Amino acid sequence: MKIHNLKTGIIVSEVEDFDLEQTLDCGQCFRFSQTPDGGWHGVAADHPLTLYQTPEGILFESITPDEFNGFWRKYFDIDRDYKAIRNSFPDHPALRQSTGFTPGTRILRQDAWEALISFIISQNNNIKRIKGIIERLCRNFGSPCGNDFAFPSPSSLACLDEQDLQLLRAGWRSAYILDAAHKVNSGQLDLSEISLMPIKEAREALQTIHGVGPKVAECVLLYGMGRLEAFPLDVWMKRAMTQLFPEYTPDSFGEYAGIAQQYIFHYCRSNPHCLEK
DNA sequence: CGCCAGGCTTCTA
DNA sequence: TAGAAGCATGGC
């Protein structure tokens with residue numbers, strides 16, 4: 001990896017397997033969108049960013065090397081060797097298809113609290129509306145940062161009631177958001193501690209939140225806590241496991257099963273003809 | 001209009 | 001203890 005200074009930001013080059021569309025538009029985050037000029041803009045926690053895929057590397061606009069090293073480097077999982085991880089997967093035709101389809105996908109290391117609320121909102125919902133609800137959540141209850149809004153803190157949501165959350169138009173998920181805010185804000189649940197627990201205990205702790213079941217807990221572990229063994233089983237992955245990997249369990253994919261999951265999930269969503277029903 | 005959405009809780013047998 | 005119903009909202 002190399003960092004090149006520009007007047008307008010920095011270019012990060014010599015990073016293998018790093019495609020912005022494959023990483024930011026694969027269903028793992030909800031606050032990034034493509035801009036009219038082909039770039040990407042979004043916010044992670046309280047860090048706004050505009051970036052571009054260029055022949056020279058990834059252009060991080062208006063970012064200093066210190067800001068990159070202090071935040072975005074970890075967020076984009078820059079220092080992990082994804083090719084080596086793909087090579088650690090079991091040899092299976094459907095998995096080769098999936099990894100070959102989007103080899104530029106990286107698992108984002110998001111904030112645990114933001115991932116928790118985002119994936120609570122995601123349940124029985126579609127990506128377009130998930131993004132809208134999260135945008136209204138940030139715009140109404142997050143602190144301004146530049147032209148954007150930070151993701152609201154647990155304390156800033158814990159003081160609200162369901163009436164206040166009506167403007168989200170999140171339906172019955174509002175009660176779940178409030179229960180998560182109360183349990184995290186009160187200290188009853190410590191997300192930093194949970195991130196370090198044995199995964200079985202971490203799952204159980206997350207699922208004490210009303211509205212957090214096995215799938216949402218797994219997403220929080222994978223996308224918000226850096227637990228790359230976590231393996232979210234949504235309707236698509238359940239179909240994929242039944243129809244494409246009948247002889248496999250999540251453990252079959254190894255310690256980076258969650259990364260395999262992301263390749264398979266995106267491949268099946270983008271090529272629905274691969275699955276029945 | 002009807003069906004469905006990166007599910008979960010609650011009810012039922 | 002498994003399976004179905006109900007859930008709020010809106011995208012397509």
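Nothing here was measured: the structure is a model prediction, and the numbers come from that model. Side chains included, hydrogens not; waters and symmetry mates left out as well; all remaining heavy atoms used. Residue numbering restarts at 1 for every chain, and letters A, B, ... go by the order of the sequence lines.
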### Task
Could you tell me which non-hydrogen atom of A:Cys26 sits nearest to which non-hydrogen atom of A:Thr105, and how far apart they are?
SG-CG2, 4.2 Å
Side-chain donor-acceptor pairs of residues 112-120 of chain A under 3.5 Å, sequence neighbours excluded:
from     : atom 1 : to       : atom 2 : distance (Å)
A:Trp113 : NE1    : A:Pro152 : O      : 2.7
A:Glu114 : OE1    : A:Ala45  : N      : 2.9
A:Ser118 : OG     : A:Glu114 : O      : 2.7

## Note on the structure
Sequence neighbours excluded, the answer for side chain to side chain donor-acceptor pair (under 3.5 Å) partners of A:Arg73 is A:Asn69, A:Asp79
### Query
Considering residues at least two apart in sequence or located in another chain, which fulfil the side chain to side chain contact (heavy atoms under 4.5 Å, CB included) criterion with A:Lys2?
A:His4, A:Ser13, A:Glu14
### Query
Residues in ring pair (Phe, Tyr, Trp, His ring centres under 6.0 Å) with A:His47, at least two apart?
A:Phe71
### Message
Measuring only the P atom in each nucleotide, how far is B:dG6 from C:dA5? A whole number of Å is fine.
### Response
22 Å
### Query
Of the residues in residues 17-27 of chain A, which ones touch DNA chain B at a heavy-atom distance under 4.0 Å?
A:Cys26, A:Gly27
### Message
Applying a 4.0 Å non-hydrogen cut-off, can you work out what A:Tyr223 is touching in the nucleic acid: base, sugar-phosphate, or nothing?
### Response
base
### Task
Return yes if a side-chain donor-acceptor contact under 3.5 Å exists between A:Tyr267 and A:Gln97, otherwise no.
yes
For residues 214-225 of chain A, run the donor-acceptor check on the side chains, cut-off 3.5 Å, and write out each pair with its distance to 0.1 Å, sequence neighbours left out.
from     : atom 1 : to       : atom 2 : distance (Å)
A:Glu218 : OE1    : A:Arg203 : NE     : 2.9
A:Glu218 : OE2    : A:Arg203 : NE     : 3.3
A:Glu218 : OE2    : A:Arg203 : NH2    : 2.7
A:Glu218 : OE2    : A:Phe231 : N      : 3.2
A:Tyr223 : OH     : A:Gln262 : OE1    : 2.4

### Task
Taking the six-membered ring for Trp and the full ring for Phe, Tyr or His, determine whether the centres of A:Phe60 and A:Tyr52 are under 6.0 Å apart.
no
### Query
Taking DNA chain B as the partner, which of residues 237-265 of chain A come within under 4.0 angstrom of it by heavy atom?
A:Gln261, A:Gln262, A:Phe265
### Query
Under a 4.0 Å heavy-atom cut-off, which of residues 109-136 of chain A touch DNA chain C?
A:Asn124, A:Asn126, A:Lys128, A:Arg129
### Message
Reading DNA chain B from 5' to 3', where do the contacts with chain A start and stop? Cut-off is 4.0 Å to heavy atoms.
### Response
B:dA5 to B:dT10
### Query
Would you say the side chains of A:Thr35 and A:His41 form a donor-acceptor pair under 3.5 Å?
no
#### Entry: CA sep, side-chain torsions, deciding dist, call: A:Ile264, A:Met241, side chain to side chain contact (heavy atoms under 4.5 Å, CB included)
CA-CA 10 Å; A:Ile264 296 164; A:Met241 292 300 286; 5.8 Å; no
### Message
Is it true that A:Ser192 and A:Ser195 share a donor-acceptor pair across their side chains at a distance under 3.5 Å?
### Response
no
### Query
Going 5' to 3' on DNA chain C, which nucleotide is the first and which the last to come under 4.0 Å of a heavy atom in chain A?
C:dC7 to C:dC12
#### Entry: For DNA chain C, the residues among residues 169-181 of chain A that have a non-hydrogen atom under 4.0 Å from it
A:Arg169, A:Gly171, A:Trp172, A:Arg173
### Task
Search all heavy atoms of A:Cys138 against all heavy atoms of A:Phe151 and return the closest pair with its distance.
SG-CD1, 3.7 Å
### Query
Quick one: side chain to side chain donor-acceptor pair (under 3.5 Å) pairs with a partner in residues 163-179 of chain A, sequence neighbours left out?
A:Asp179-A:Lys183
### Query
Can you say whether the rings of A:Phe18 and A:Phe76 are parallel (under 30°), tilted (30 to 60°) or perpendicular (over 60°)?
tilted
